[in-house]
A.B. asks: 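Dumping the structure here so I can ask a few things about it.
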Amino acid sequence: MGDVTQFFVQHGGLVLFAAVFAEQVGLPIPAIPVLLAAGALAGAGQLNLGMAVALGVAACLAGDFIWYYLGRYRGRHVLNLLCRISLEPDSCIRRTETFFGRHGMWSLVSAKFIPGLSTVTPALAGLFGVSVRRFLLYNGLGAFLWIVAFIGLGYLFSDQLEQIAAQAARFGGSLVVLIVGALAVYIAYKYIHRQLLLRKLRVARITADQLKQMMDNGHEMMIVDLRQSLDIQVDPYTIPGALRMGVEELERRHHEIPRDRDVILYCACPNEATAARMAILLKKNGITRVRPLAGGVEAWRESNFPLQKLGEQVT
């Protein structure tokens with residue numbers, strides 16, 4: 001443990017930059033313990049406080065700007081990528097879209113302090129055409145406050161953290177192994193939980209081809225578009241005849257869903273997790289003929305099936 005501490009003293013700036021950057025680009029590496037340690041070293045006079053803050057903010061902006069750029073120039077595909085790699089199937093995307101829609105640019109300031117939102121918010125800012133200047137202003141403010149908050153805590157409680165480090169040093173390298181092992185177990189648990197959940201949610205799906213065939217045959221059904229308002233702003237097209245009803249609205253109005261016909265749900269996420277979750281909810285409320293659309297609206301679009309612009313009548 002002493003070797004680890006000595007390494008951090010010698011290369012604290014590099015470790016700080018790498019940890020913050022890694023977390024901002026979405027890697028499962030927690031930066032807060034490193035920020036606290038950097039603050040403690042600054043409080044002990046072993047690291048320049050101003051340099052630590054500057055490196056942390058620079059790393060945060062660098063990581064965020066990557067997602068902002070991808071969101072701006074790759075559009076919805078970036079959110080689909082985040083949805084695929086997330087350890088929490090599409091819930092982080094949905095929560096962030098709701099948060100961004102409610103708070104606008106100020107979400108870039110506060111998202112750093114809310115687990116699960118920090119990586120997605122810059123991509124949304126790029127997706128909705130926020131200018132580089134405004135993005136750097138608001139996101140820079142959020143990055144500065146986040147970095148200062150945790151480095152400041154480490155600085156203020158440097159004596160206490162130093163005592164904790166001294167106690168931890170008695171365990172030697174075994175403590176490092178324990179921490180790394182605990183992190184590995186956590187990641188493995190989240191990954192396994194994700195796979196089990198996705199497997200459960202993929203039961204009784206309907207493909208785009210199957211849905212199109214049912215529509216062509218005049219099959220009586222109800223199609224529900226579960227996408228968020230922000231999704232609709234980016235892509236104002238829906239499957240012909242689909243009813244727009246957000247997740248929260250469907251949770252309140254599920255009793256209005258007919259029991260005598262097939263109900264098809266779809267969302268924007270490629271793993272259709274939102275649609276599948278709502279299908280399970282409806283089944284629990286007695287609506288048994290309900291199925292999520294595999295691949296969501298993107299699967300329908302990739303099959304070159306017709307789309308209807310919202311507000312237009314079905315012809």
A.B. asks: State, to 0.1 Å, how close Thr207 and Gln210 come at their nearest heavy-atom pair, and which atoms those are.
C.D. replies: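 Closest heavy-atom pair between Thr207 and Gln210: N-OE1, 2.9 Å.
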A.B. asks: Tell me every residue that passes side-chain contact (heavy atoms from CB on, under 4.5 Å) with Ile66, counting only those two or more places apart in sequence or in another chain.
C.D. replies: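 With neighbours one apart ignored, the set is Phe21, Val25, Leu70.
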A.B. asks: Which residues satisfy the salt bridge (Lys or Arg N to Asp or Glu O under 4.0 Å) test with Arg261, sequence neighbours excluded?
C.D. replies: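 Arg261 satisfies salt bridge (Lys or Arg N to Asp or Glu O under 4.0 Å) with Glu220 only.
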A.B. asks: How long is the span from the CG atom in Leu265 to the CG atom in Leu243, to the nearest 0.5 Å?
C.D. replies: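 Leu265 atom CG to Leu243 atom CG measures 10.5 Å (nearest 0.5 Å).
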A.B. asks: Does Gln308 use its side chain to pair, donor to acceptor, with the backbone of Gly241 at less than 3.5 Å?
C.D. replies: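 Flag set: sc Gln308 to bb Gly241 pair under 3.5 Å.
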A.B. asks: Can you name the nearest heavy-atom pair linking Gly13 to Leu47, along with the distance?
C.D. replies: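 Nearest heavy atoms, Gly13 then Leu47: N-CD1, 4.3 Å.
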A.B. asks: Without placing hydrogens or testing angles, list every side-chain donor-acceptor pair under 3.5 Å for residues 48-60, not counting sequence neighbours.
C.D. replies:
| unit_1 | atom_1 | unit_2 | atom_2 | d |
| --- | --- | --- | --- | --- |
| Asn48 | OD1 | Gly50 | N | 3.1 |
| Asn48 | OD1 | Met51 | N | 2.8 |

A.B. asks: Ignoring hydrogens, what is the shortest heavy-atom contact between Leu226 and Cys267? Give both atom names and the distance.
C.D. replies: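 The pair with the smallest heavy-atom distance is CB-CB, 4.5 Å.
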A.B. asks: Under the side-chain contact (heavy atoms from CB on, under 4.5 Å) test, which residues partner Ala22, sequence neighbours left out?
C.D. replies: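 Here the qualifying residues are Leu27, Ile29.
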A.B. asks: Would you please name every residue forming a side-chain contact (heavy atoms from CB on, under 4.5 Å) with Arg259, sequence neighbours left out?
C.D. replies: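 Only Ile287 meet the side-chain contact (heavy atoms from CB on, under 4.5 Å) criterion with Arg259.
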A.B. asks: Among residues at least two apart in sequence or on other chains, which ones pass salt bridge (Lys or Arg N to Asp or Glu O under 4.0 Å) with Arg289?
C.D. replies: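 In terms of salt bridge (Lys or Arg N to Asp or Glu O under 4.0 Å), with neighbours along the sequence ignored, Arg289 is linked to Asp262.
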A.B. asks: Is there a side-chain contact between Met222 and Pro258, using heavy atoms and a 4.5 Å cut-off?
C.D. replies: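 The answer is yes; the side chains approach within 4.5 Å.
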A.B. asks: Taking side chain as C-beta onward, heavy atoms only, is Asp225 less than 4.5 Å from Tyr266?
C.D. replies: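 Touching, per the 4.5 Å side-chain cut-off.
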A.B. asks: Please report the interatomic distance CE(Met105) to OG1(Thr121), rounded to the nearest 0.5 Å.
C.D. replies: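 Met105 CE to Thr121 OG1: 10.5 Å, rounded to 0.5 Å.
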A.B. asks: Are the side chain of Trp300 and the backbone N or O of Gly295 linked by a donor-acceptor pair below 3.5 Å?
C.D. replies: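 Not a single qualifying donor-acceptor pair exists.
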A.B. asks: Give the minimum heavy-atom separation between Ala208 and Ala299, together with the two atoms involved.
C.D. replies: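 Scanning both residues, the minimum pair turns out to be CB-O, 4.0 Å.
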A.B. asks: I'd like to know whether OH of Tyr69 has more than 12 heavy-atom contacts from other residues, nucleotides or ligands below 6.0 angstrom.
C.D. replies: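 12 or below, so no.
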A.B. asks: Would a 4.5 Å heavy-atom cut-off, applied to side chains only, mark Ile257 and Leu250 as touching?
C.D. replies: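 Yes, at least one pair of side-chain atoms sits under 4.5 Å.
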A.B. asks: Specify the closest pair of heavy atoms between Glu23 and Ile32, including all atoms of both residues, with the distance to one decimal.
C.D. replies: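 Heavy-atom minimum between the residues: OE1-N, 4.4 Å.
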A.B. asks: If you measure from CG on Leu282 to CZ on Arg291, what distance do you get to the nearest 0.5 Å?
C.D. replies: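 If I round to the nearest 0.5 Å, the distance is 14.5 Å.
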A.B. asks: Do Asp209 and Phe305 have side-chain heavy atoms sitting under 4.5 Å apart?
C.D. replies: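 Sidechains of Phe305 and Asp209: in contact.
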A.B. asks: Mind checking what makes side-chain contact (heavy atoms from CB on, under 4.5 Å) contact with Gln213, not counting sequence neighbours?
C.D. replies: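 Listed in chain order: Asn217.
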A.B. asks: Is there side-chain contact between Val34 and Val15, with at least one heavy-atom pair below 4.5 Å?
C.D. replies: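 Answer yes - side chains close enough.
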A.B. asks: So does Arg301 get a backbone contact from the side chain of Tyr237, meaning a donor-acceptor N/O pair under 3.5 Å?
C.D. replies: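 It does not hold such a pair.
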A.B. asks: Is His255 close to Asn285 at the side-chain level, that is, under 4.5 Å between some pair of heavy atoms?
C.D. replies: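 No, every pair of side-chain atoms sits at 4.5 Å or beyond.
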A.B. asks: Among residues at least two apart in sequence or on other chains, which ones pass salt bridge (Lys or Arg N to Asp or Glu O under 4.0 Å) with Asp260?
C.D. replies: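 Residues passing salt bridge (Lys or Arg N to Asp or Glu O under 4.0 Å) with Asp260: none at all.
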A.B. asks: Run the side-chain donor-acceptor check on residues 131-144: report pairs under 3.5 Å with partners two or more places apart or on a different chain.
C.D. replies:
| unit_1 | atom_1 | unit_2 | atom_2 | d |
| --- | --- | --- | --- | --- |
| Ser131 | OG | Arg134 | N | 3.2 |
| Asn139 | OD1 | Lys112 | NZ | 3.4 |
| Asn139 | ND2 | Asp64 | OD2 | 2.9 |

A.B. asks: Using atom types as modelled and distance alone, determine if a side-chain donor or acceptor of Arg244 lies under 3.5 Å from a backbone N or O of Arg227.
C.D. replies: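 Indeed, once roles are kept as given, a pair shorter than 3.5 Å links the two residues.
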A.B. asks: Considering only heavy atoms from C-beta outward, does the side chain of Leu211 approach that of Ile239 to under 4.5 Å?
C.D. replies: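 In contact.
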A.B. asks: Holding to salt bridge (Lys or Arg N to Asp or Glu O under 4.0 Å), I want the full list of residues that pass it with Arg253, two or more places apart in sequence or in another chain.
C.D. replies: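 Per chain and number, Arg253 pairs via salt bridge (Lys or Arg N to Asp or Glu O under 4.0 Å) with Glu249, Glu256.
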A.B. asks: Can you list every pair that meets side chain to side chain donor-acceptor pair (under 3.5 Å) and has a residue in residues 29-44, with sequence neighbours left out?
C.D. replies: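 Every pair satisfying side chain to side chain donor-acceptor pair (under 3.5 Å) with a residue in residues 29-44: there are none.
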A.B. asks: Could you note down all residue pairs passing ring-ring contact (aromatic ring centres under 6.0 Å, His included) where residues 40-66 supplies at least one of them, sequence neighbours left out?
C.D. replies: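 For residues 40-66: Phe65-Tyr68.
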A.B. asks: As a quick check of understanding, evaluate side-chain contact (heavy atoms from CB on, under 4.5 Å) for Ile223 and Met215, giving each step before the final call.
C.D. replies: CA-CA 10 Å; Ile223 305 174; Met215 295 172 68; 4.1 Å; yes
